[in-house]
Amino acid sequence: MEQVPFDKRVGKIWFNNELVEWQDAKLHVISHGLHYASLVFEGLRVYNGNIFKLQEHTDRFYHSAERLDIKIPYSKEEINNATKEIVLVQNIKNGYIRPFAWRGSEMMGVSAQNTKINVAIATWEWPAYFDPKLKLNGIKLNISKWRRPAPNTIPWDSKAAGLYMICTLSKHEAEKNGFSESLMLDHEGNVAEGTSANIFFKDQNGELHTPIPDSFLDGITRKTVIDIAASKNIKVNERKISPKELSAFVGCFLTGTAAEVMPVECIAENKYKVCNTILDLSESYHSLVRK
């Protein structure tokens, strides 16, 4: 089914404390957030009408804003209530929520301390990020030529628009070459993450390995899956992982709000099995979010 372009959709968007018509939620083309990437955002999922880990996402939203010197002009409680309101107004049962805050058009230039901080929250039905059929065999990843920047060069622990430029470039390149996703290395050349999801590997002993999030986001789904693994007595090793190790692992999967728990079939020439451990973690996560 053809997807309706986002600027042609109908309904309401929460915009600066008002519910406005979807197609009227606009910003000026001379906006600092557009030209200088002074924009932070979050991504949440709705399952059976319930928002998963709303407070955790709101907390991270505010942390990201603080890192970019953006003061959100609403309390966390107001943002939580607005998020719940727009989900009800849009009658979202299984979907995605995108809160975001950005600097407006009052100033144009690198310095923009007197710009207005705008906030909007949009939501839409979105059952799955990847084709559910891909869970049977897993998705294919290439290895991106772009690396996550060193942590002393960017506000790496924020969910900020500018940090996703190389993610878009990496994913486009992957899709052009028949892959679904791209593995990104960090500034030291170690395994980091996917373009919008964290990554885990399973070894021959049944233990999990995942990179230390010291130059990329420690995802909320990542932490949830680590907790699920612990409840099943599965050891999770958070450590530096060299690309040379990719061939030694027997399983691999991605985690993220959008991706959920997605098995991986291969990374470049390295092939993996969608084993029972990964399928069980995926099913446990599926059950948890739909409680």
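Classification of Arg222 and Glu238 as a salt-bridged pair holds, one side-chain N sitting under 4.0 Å from a carboxylate O. Electrostatic pairing of Asp214 and Lys240 counts as a salt bridge here, judged by a charged N lying under 4.0 Å from a carboxylate O.
Looking at Ile92, Asn80, Ile97 one by one, the single match for side chain to side chain contact (heavy atoms under 4.5 Å, CB included) with Ile51 turns out to be Ile97. Among the candidates Phe100, Trp22, Trp102, the single residue satisfying the ring pair (Phe, Tyr, Trp, His ring centres under 6.0 Å) test with Phe15 is Trp102.
Between Trp126 and Trp124, the ring planes are tilted. Angles from 30° to 60° get that label.
Judged by distance alone, the side chain of His63 and the main-chain N or O of Ser158 form no donor-acceptor pair under 3.5 Å. Not a single donor-acceptor pair under 3.5 Å links the side chain of Glu42 to the backbone N or O of Thr58. At least one donor-acceptor pair under 3.5 Å links the side chain of Asn94 to the backbone N or O of Asn48. Under the 3.5 Å distance criterion, the side-chain polar atoms of Glu21 are left unmatched by any main-chain donor or acceptor of Val10. In this structure, Ser31 contributes its side chain and Leu34 its backbone to no donor-acceptor pair below 3.5 Å. No donor-acceptor pair under 3.5 Å is formed between the side chain of Ser282 and the backbone N or O of Ile278. A donor-acceptor distance shorter than 3.5 angstrom exists from the side chain of Ser64 to the backbone of Lys159, with no hydrogens or angles considered. The main-chain N or O of Lys235 is never found under 3.5 Å from a side-chain atom of Glu207 such that the two would form a donor-acceptor pair. Between the Ser284 side chain and the Leu281 main chain, no donor and acceptor come within less than 3.5 Å of each other.
Of the N and O atoms on the side chains of Ser144 and Ser170, at least one donor lies less than 3.5 Å from an acceptor on the other residue. At a cut-off of 3.5 Å, with distance as the only test, no side-chain donor of Ser196 or Lys171 sits close to an acceptor on the other residue. Side-chain contact check for Asp59 and Gln55: at least one donor-acceptor pair (N or O, by modelled atom type) lies under 3.5 Å. Under 3.5 Å, the side chains of Glu181 and Thr195 contain a donor-acceptor pair of N or O atoms. Arg103 and Thr115 share a donor-acceptor pair across their side chains, judged by distance under 3.5 Å alone.
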(message) Between Tyr36 and Leu39, does the side-chain contact (heavy atoms from CB on, under 4.5 Å) criterion hold? Intermediate values first, please.
(response) CA-CA 8 Å; Tyr36 293 96; Leu39 183 151; over 6 Å; no
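Using a 4.5 Å cut-off between side-chain heavy atoms of Ile, Leu, Val, Met, Phe, Trp and Tyr, with links allowed through other members, Phe200 and Leu288 fall into the same hydrophobic cluster. Hydrophobic clustering keeps Phe52 apart from Leu254 (ILVMFWY residues linked when any side-chain heavy atoms are closer than 4.5 Å, directly or through intermediates).
A ring pair (Phe, Tyr, Trp, His ring centres under 6.0 Å) check over residues 142-169, counting only residues at least two apart or in different chains, returns the pairs Phe41-Tyr164.
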